[in-house]
Structures are given as structure tokens and as C-alpha cells.
Amino acid sequence: MTQQKQPDKMKQDSKTRSSPDIPPQHTGKQLDLDAQAVLPNEEDARIFFELAKRRLLDINHWYEIAEIPVSTFVLTDAYGGEAVKSQPVEGDKIRIDIPGPGPSAGDGYDWVVVEDVTEVSDELCSLTLRPTNNPLKLNEETAHFFKDTATSTLIVERKGRKVTARYHGRNEVVNTDTDSIVDNTRNAAVGLGAKLGLSYPQWKSLVAGLISEHIKTEIS
């Protein structure tokens, strides 16, 4: 298949977007990104959408998919055990390794839970993630630099010949209310970086990678 792409559209939108798939914005920071590819015909677009959807659901390979990889992501089950399956379901956890020291609450990792998985055949696939506790510990303390008010929604969708990948961060409030002074300091530093836009390249590169023709390691 020969794919003819229009120039990628990538932007940081200051407007609040809302849809049934995206939690509403109430507090803190938000971030909106998208990238698009236009295919020669609808059949090619359907095939390419399926590829983009597989990439979105293959969380363990997001590091390879992102053109500028920063963090690594590992899909686990609800109890923190590394999942044998390749696709997430609601309730699964994701262990995130961000460069630098991690929170003690997460045993050195940030954790999110897969809150929602939505699929519409040939048209849409979305994941919504939310900061959560470390499933390998008994306490319920959020092990993430954002509070559990925050969500990250990743979407791939097809409309006619166009395939779009989107990211929507909502209600991003830094988590500095933990029982650990060290974690509070670390979360404040990482959260400040995110607020200043340092998380933008990570999500931008992943969104672009979801619809890229040129990925170092193709995901099967």
C-alpha cells in the first residue's frame, strides 16, 4: 500500500474540548494534541486505522513507537503482575519509568490505572488512564506526580480517508499531599516540569508515532 500523507497537524490547543470519551476539565492544567494522516481512499484508511489501533493498545511498545522516547510503560494486571496479554482491559495498571528518581510510594515508578477502553469498529479506539496507587503495596496512596484527579486520554479515529491520533490531558494537579516529604519534593519537580511543557514532547512524539509510517521497531 502506498500511503500519501498530508503534512502532520500537531498543535497544543488552549480551548477546552469535550466529548463522551474525554473527561471534562475542572481544575489544574490541560493539554490537547493531535496528528493526522490522509490516505488515498477509505479502504487504505481502514487498514491504516487498524495499524494505529494496534499501536495504541500495545502499551509495552510505546517506547519504540514514540519518535522521541522519554518514559517507558509496562502493562500489568490489576495486582501489578506483568501481563502476558498484549492488550489492556479496564482495571489493568501501567507502570511508568520516568528518567530520574521515582516516588517511594510506587517503588520508584509512577502508576496509572486503565479507567476506560472504548472501541468502535473501523472508526475509533480510545484509552483513558488515571494516576493510581502502587498495586504491590497495601496502602491507597497515589503513586504518581499528579493527583488522581488527572486523566490522560489517547484516541485514534478514522473519518473517511483521514486517520487522527489525539491526546487529551485533563485536571492535572501536582501530587504534593503524600506522607513522604521526599515524594512531595520529587512530585513537585516533575509536576512543575509537566506544567512548563516538558511532558509535551513525550506525548507529542507518541501521538505522532501512532500514525507514522517510519517506526524503528514495527509492532506486530
Side-chain angles (χ1 to χ4, degrees), residues 1-23 30-75 85-89 92 94 96 112 114-129 151-170 172 194 197-220:
M1 178 185 71
T2 300
Q3 180 191 343
Q4 299 174 350
K5 290 179 64 178
Q6 290 183 349
D8 282 353
K9 176 187 175 187
M10 183 71 68
K11 63 184 179 180
Q12 185 171 1
D13 190 350
S14 60
K15 297 180 180 179
T16 299
R17 301 181 184 182
S18 61
S19 82
D21 306 306
I22 305 167
Q30 77 173 67
L31 178 64
D32 295 285
L33 302 166
D34 66 65
Q36 299 175 353
V38 177
L39 283 296
N41 54 64
E42 287 202 25
E43 181 58 27
D44 284 353
R46 288 189 182 94
I47 294 170
F48 191 65
F49 167 78
E50 290 299 321
L51 173 61
K53 183 178 78 170
R54 289 199 302 273
R55 291 171 175 168
L56 174 62
L57 296 176
D58 198 352
I59 293 167
N60 289 344
H61 287 93
W62 281 0
Y63 185 86
E64 287 89 351
I65 291 169
E67 296 176 354
I68 308 175
V70 177
S71 303
T72 56
F73 301 80
V74 175
L75 178 66
K85 60 189 175 184
S86 60
Q87 294 191 359
V89 297
D92 283 349
I94 300 172
I96 307 171
V112 294
V114 179
E115 186 169 85
D116 179 77
V117 181
T118 297
E119 291 191 56
V120 179
S121 180
D122 288 335
E123 293 182 8
L124 180 142
C125 181
S126 71
L127 293 177
T128 295
L129 314 176
T151 57
S152 296
T153 300
L154 288 143
I155 300 169
V156 292
E157 60 184 342
R158 183 192 67 84
K159 293 182 179 179
R161 297 187 299 118
K162 183 187 297 182
V163 178
T164 303
R166 296 191 279 138
Y167 172 85
H168 302 284
R170 291 291 183 268
E172 297 177 345
L198 297 183
S199 65
Y200 176 82
Q202 169 74 53
W203 294 118
K204 177 182 178 181
S205 62
L206 178 58
V207 166
L210 291 174
I211 60 165
S212 173
E213 293 181 87
H214 310 291
I215 292 180
K216 299 174 187 176
T217 303
E218 185 54 76
I219 309 306
S220 60

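For clarity, every value in this text was computed on a predicted model and none was experimentally measured. Sequential numbering from 1 along the given sequence is applied to the chain's residues.
Across all their heavy atoms, Leu56 and Val156 have their closest contact at CD2-CG2, 3.9 Å. The minimum heavy-atom distance linking Ile211 with Ala52 is given by the pair CG2-CB, 4.3 Å. Scanning both residues, Val114 and Pro88, for their nearest heavy atoms gives CG2-CB, 4.1 Å. Nearest heavy atom pair, residue Gly160 against residue Ala45, reads O-CB, 3.4 Å. Here the closest non-hydrogen pair linking Tyr167 and Ser152 is OH-OG, 3.0 Å. Closest approach of Phe49 and Cys125 over heavy atoms only: CZ-N, 4.1 Å.
Listed for the Asp44 side chain is no donor-acceptor partner under 3.5 Å among the backbone atoms of Asn41. Listed for the Arg161 side chain is no donor-acceptor partner under 3.5 Å among the backbone atoms of Val38. Here the side chain of Arg55 pairs a donor or acceptor atom with the backbone of Leu210 at under 3.5 angstrom.
Going from atom CG of Leu33 over to atom OG of Ser205 covers 10.0 Å, rounded to the nearest 0.5 Å. With rounding to the nearest 0.5 angstrom, the CD1 atom of Ile65 is 10.5 Å from the CZ atom of Arg54. Rounded to the nearest 0.5 angstrom, Asp58 CG and Glu64 CD are separated by 8.5 Å. Here CD1 of Ile59 is found 5.5 Å from CG of Leu127. Values are rounded to the nearest 0.5 Å. Of the inter-residue distances, the one linking Leu206 atom CG with Ser71 atom OG reads 10.5 Å to the nearest 0.5 angstrom.
The only option from Lys53, Glu157, Arg158 that meets the side chain to side chain contact (heavy atoms under 4.5 Å, CB included) definition with Leu124 turns out to be Glu157.
A tilted orientation is assigned to the rings of Phe73 and Trp203, their planes being inclined by 30° to 60°.
The side-chain heavy atoms of Val112 and Ile96, taken from C-beta on, include a pair separated by under 4.5 Å. Taking the side chain as every heavy atom from C-beta outward, Trp62 and Leu154 approach each other to under 4.5 Å. In this structure, the side chains of Thr151 and Leu129 stay at 4.5 Å or more apart for every pair of heavy atoms. A 4.5 Å side-chain heavy-atom check between Ile155 and Ile22 finds at least one atom pair inside the cut-off.
In this structure, the side-chain contact (heavy atoms from CB on, under 4.5 Å) partners of Thr72, at least two apart in sequence or on a different chain, are Tyr63, Asp97. The side chain to side chain donor-acceptor pair (under 3.5 Å) test applied to Thr153 returns Thr128, not counting sequence neighbours. In terms of the side-chain contact (heavy atoms from CB on, under 4.5 Å) criterion, residue partners of Gln87 (sequence neighbours excluded) are, by chain and number, Leu57.
For Glu50 and Arg46, the salt-bridge test fails: no basic side-chain N is under 4.0 Å from an acidic carboxylate O. For the pair Arg170 and Asp32, the salt-bridge criterion is met [side-chain N within less than 4.0 Å of a carboxylate O].
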